[in-house]
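Order of appearance sets the numbers: ligands from 1, and atoms from 1 within every ligand.
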Amino acid sequence: FPPARIRNFCIIAHVDHGKTTLSDRLLQATKTIPERQMQDQLLDSMDLERERGITIKAHPVTMRYEAEDGESYQLNLIDTPGHVDFSYEVSRSLSACEGALLVIDAAQGVQAQTVANVHLATRQNLHLIPVINKIDLPTANPAAVKRQLEEVLAIPGEEAVLASAKEGIGIAEILEAVVRRIPPPQPFPDGIIRALVFDSVFDPYRGVVLYVRVRSGELARGQKILLMATQSVYEIKEVGVFNPKMAPQERLEAGATGYVIANMKSPLEVKIGDTLTSAHHPASEPLARFQEARPMVFSGIYPLNPADFEKLKTALSKLQINDPAIVFTQESSAALGSGLRCGFLGLLHMEIVQERLRREHEVEILATYPSVVYQVHLTNGKLLEVDNPLRMPDPSMIESIAEPTVRAFLLIPTERIGEILQLVLEKRGICESTESAGENRVMLRCRIPLSEILVDFNDRLKSLTRGYGSMDYEPAPYQTEDLIKLDILVNGEPVEAFSCIVARSRAESRGRAILSKLRELIPRHLFKIALQAAVGSKILAREDIGSVGKNVTAKCYGGDITRKRKLLEKQKEGKKRMKTFGRVDIPQEAFLQILKTE
Ligand code: GTP
């Protein structure tokens, strides 16, 4: 295909507005996938994605489309993830495109992430086609969404295509709009090989597969290529497109999107966002640079059974292959043994990785309270970065501590503004501005410490606005705060995994919240258990868990022996998922649930 008949585009949307469903419809309409192979949400391949209904990895796919002008076009669609934690993947995908379908739920309207995505897309000069989806819903209000488009995003309402991905309405119109409104790629005229690496996956049989967008020149088997950031040279073994499975091609031409397999052994050799060029006639400058994905949240992951450490390490290395955003180093703890300190993009990313370890790799793990990266200014003038509460130096050595903050954009119903401002305040944030965002809605711009966003901010926002509020955030500068380490003691022994850094002013309330959660989660023992929250040697709060009789079957009067046996079995089973501290068994669940405190 000549560049004039290629279109590279992606779909951007707020979570659940229907990107994946719409992608599937486009594949169907262009007969990229035969009807009988069509499986709902084909692009969401991982089980977990399917279950949680979220797209984690972006998958490109090439379609062939016969347009109304009688020409045939190559349409390259890049599906993008929708959750805040993964917005770095969105910006990567955007830079491989000339245009984007902006999907908006006809019942929900413009959401915080819709706004954030539009900002990202316009910064990259993408042409946007608004698609108002789910018009089949009885609560759909396309006219109101059009007004929001104009008022909030300054996009003319008449540009919107009305659609229902579910019912197949508006699909033909969308395909035509892609061809007519999205500009074709414009390769550099010098013919020098330049391709943007916008993603990579690891295939156990073929090695590293690079997802590329060719900006100029042509890629073919046998070429010697240079990756500019790492300055390493490889030989191309295969090039091809996704239809949506990998389909080898003779070559990838300027303007095209596809894949490259070279003799690359480890995914860690690839820097996403790098420029691929010819080793013999390299480009003088790389294509636009990317921000590297930076881990924002750290947590220690330990095997519940210390003998499983190697298994855990292997499992995490395997996950890292397809998700290089995970970083980890080895660490050890007196109480927990050997473990891994892991960095994640955000809390959802962390939960997903932990769940995949358990589910796909069958390692029972215990995760420590997540932490952000603190900048600790020491009295000796040195600066220390601390991502683990246990590594926080003695207070006598600390001059000051700064914590990362975010700029959060909250789009909420106007009548909820009081409650939301209260929430922002409670989370040590400040509201910098409020702006009307169409009928009955306002956009709040706030500065909030990242650590406060992590715990339950989004859940609280959702419940206070009955699901109508949404948020998005971007990193903002560090800010000095009076922070201290809060320890949780179980029968007088500090449990490292529960230690966290908190603002001094919030230490007591956070301590109480954690204790009451633990009280629910730790089962009764044969003896009384004292739970305490402490800062240094000062106890701020205490809760007790009373003792219980010897035998769980004691409550089963009468002689139902099978029921008794079942209970004993269950007790044994439960024990396996516990970690013993001193004489107290703490269920694995406690290490995850502790974050869900209010
Ligand atoms: P993320 O990948 O998590 O961002 O979600 P997504 O934007 O890809 O949304 P997805 O396609 O998974 O759709 C979310 C939900 O909306 C699913 O339950 C779909 O069945 C439903 N849905 C999608 N399109 C339509 C539509 O046109 N009408 C109706 N009624 N429901 C739809």
Sub-6.0 Å ring centroid separation between Y259 and F242: yes

Note, L102 side chain near V118 side chain (heavy atom, < 4.5 Å): yes

Atoms of ligand 1, numbered as shown, that sit under 4.0 Å from any heavy atom of H17: 7 (O)

Salt-bridge present (R181, E176; N to O < 4.0 Å): no

Option nearest atom 4 (O) of ligand 1 (shortest heavy-atom distance, choices K166, K19, K134): K19

Contact check: L22 vs ligand 1, nitrogen or oxygen atoms, below 3.5 angstrom: no

Check: L345 main-chain N/O paired with H349 side-chain donor or acceptor under 3.5 Å: yes

Heteroatom proximity flag, A163 to ligand 1, N/O under 3.5 Å: no

Contacting atoms of ligand 1, where contact means under 4.0 angstrom from a heavy atom of L137: 30 (N)

Pair E432 + R407, salt bridge at N-O below 4.0 Å: yes

Nearest-option assignment for atom 10 (P) of ligand 1, heavy atoms, candidates I135, T139, T21, D136: T21

Within-4.5 Å side-chain heavy-atom neighbours: T405 and L450: no

N or O contact, E167 vs ligand 1, cut-off under 3.5 Å: no

Distance (rounded to the nearest 0.5 Å) between I448 CD1 and Y473 OH: 10.5 Å

Ligand 1 contact on A13 by region, counting heavy-atom pairs under 4.0 Å: neither

Location of contacts on D16 toward ligand 1, heavy atoms closer than 4.0 Å: both

